[in-house]
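To start, the structure under review is shown below, and the notes come after it.
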Amino acid sequence: MKKVPLHKPYWGFKEIFQVIKTILLKKGGGGGPFGELVEKKICELLNIKFAFLCNSGTSALEMSLMALNLSDGFEAILPAFTFVSTANAVVRERGIPVFVDIEETTYNIDTKLIEKKITKKTKVIIPVHYAGVGCKMDEILAISKKYNLFVIEDAAHAFGSKYKTKYLGTFGDLGCYSFHITKNLTCGEGGCCVTDNEELAEIIETIRDKGTDRQKFLRKEVSEYKWVSKGSNFLMSDILAGILYQQINRLNKINKLRRKKAIYLWEKLKNEIREEIILPELNEFKESNWHIFAIRVKNEEYRNKLIEYLNKKGIQASFHYLPLHLSPFVQKNYNYKPGDFPITELVAKTLIRIPLYPQISYREINYIVKSIKEGIYKIKHDK
Ligand SMILES: Cc1ncc(COP(=O)(O)O)c(C=O)c1O
């Protein structure tokens, strides 16, 4: 059996021809024709007013936090189990990340714990839709309304996922997606920020373009463009936007195939390995794009041994986030200790990501299940 990678982009000739076409058209800068087409498509698909492509999910989060223009020392509530970019975007704006534990079923922020963390300095909640499964957005929006807080959804995993029939990323004031090479839709590196708020949209358009009103100039709304606010170059190259254009055309197929393969893998694991592993809660994935297939085992040692065994078999199974509150940066700058977020710590120690991509073959899935079974047997009998 050949190696089974954790992810594989679903790219084909359409993406190749698109790159050639963009080059032949001598396009490639940010805010070009393909970028505009993609933004229009995203707005139509998600039923949202504004979409801003940018060069990563990290940039989408950074633009969002910048756009809120909060005063130094503001607090942002976010899960302890997330990628560093969610928190970094807060720190870069001189805010303080305030961590909250997660639910054991979805690995999303535990909404019951949010209110306890709200202080006078709290200005924003940043829920993260882990694996493309929606956080409890009705509860988060109710809290944000009660305390007058902004909501920025970190929907890096969740393009095309829904929560109660509405697309994730479109609930909050701002929503952020990633099109990194590991994501369901990808152009290598990329992101997008969406909003229905006209005022925030105007600010983001400026921030994304070095803090200038260049986009207004290009639309002939002003006669020359000027430096009008803080900003950076967050634009996505039109070569990458072209790839993304083709990927968005494939969205339904990609997410359908991921679902089909994920359910096959889930059922096979359920039928063949009755004990020893905790499977994802199928109910929670009804509206998800199946960005991640993760199982859990009983402890860290067991987890590491199983990953090692699978890696030896050529299967690129992997751990995922390390708890952010225990990271060297947070330990140096804020006041958190081991045990503060028991579910985050438990999940981080016991989770294994299993390869999943649209074109994974049933043979490969069978091989993964067989290898997990063998690995478990080996761990049990090597003692
Ligand atoms: C939850 C979350 N937020 C943000 C990001 C950052 O996205 P990007 O890699 O496109 O910068 C990631 C990356 O995987 C992520 O997992």
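For ligands, and for the atoms within them, numbers begin at 1 and follow the listed sequence.
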- Is the Tyr336 ring parallel, tilted or perpendicular to the His325 ring (thresholds 30°, 60°)? perpendicular

With sequence neighbours left out, the residues meeting side-chain contact (heavy atoms from CB on, under 4.5 Å) with Lys270 are Trp266, Leu279

What orientation do His291 and His157 show, parallel under 30°, tilted 30 to 60°, or perpendicular over 60°? tilted

For Tyr177, the side-chain hydrogen bond (donor to acceptor under 3.5 Å, both in side chains) test, sequence neighbours excluded, returns none

Handout entry: Glu300 and Thr350: side chain donor to acceptor below 3.5 Å
Key = no

Pairs under 3.5 angstrom, nitrogen or oxygen on both sides, ligand 1 versus protein: list them out, please.
from: ligand 1; atom 1: 3 (N); to: Asp154; atom 2: OD1; distance (Å): 3.1
from: ligand 1; atom 1: 3 (N); to: Asp154; atom 2: OD2; distance (Å): 2.7
from: ligand 1; atom 1: 10 (O); to: Gly57; atom 2: N; distance (Å): 2.8
from: ligand 1; atom 1: 10 (O); to: Ser178; atom 2: OG; distance (Å): 2.7
from: ligand 1; atom 1: 11 (O); to: Gly57; atom 2: N; distance (Å): 3.4
from: ligand 1; atom 1: 11 (O); to: Thr58; atom 2: N; distance (Å): 2.9
from: ligand 1; atom 1: 11 (O); to: Thr58; atom 2: OG1; distance (Å): 2.5
from: ligand 1; atom 1: 14 (O); to: Lys183; atom 2: NZ; distance (Å): 2.6
from: ligand 1; atom 1: 16 (O); to: His157; atom 2: NE2; distance (Å): 2.9
from: ligand 1; atom 1: 16 (O); to: Tyr321; atom 2: OH; distance (Å): 2.7

Using a 3.5 Å cut-off and no angle test, enumerate the donor-acceptor pairs between side-chain atoms of residues 28-49 and protein atoms at least two apart in sequence or in another chain.
from: Glu39; atom 1: OE2; to: Leu53; atom 2: N; distance (Å): 2.9
from: Glu39; atom 1: OE2; to: Arg208; atom 2: NH1; distance (Å): 2.9
from: Lys41; atom 1: NZ; to: Asn249; atom 2: OD1; distance (Å): 2.3

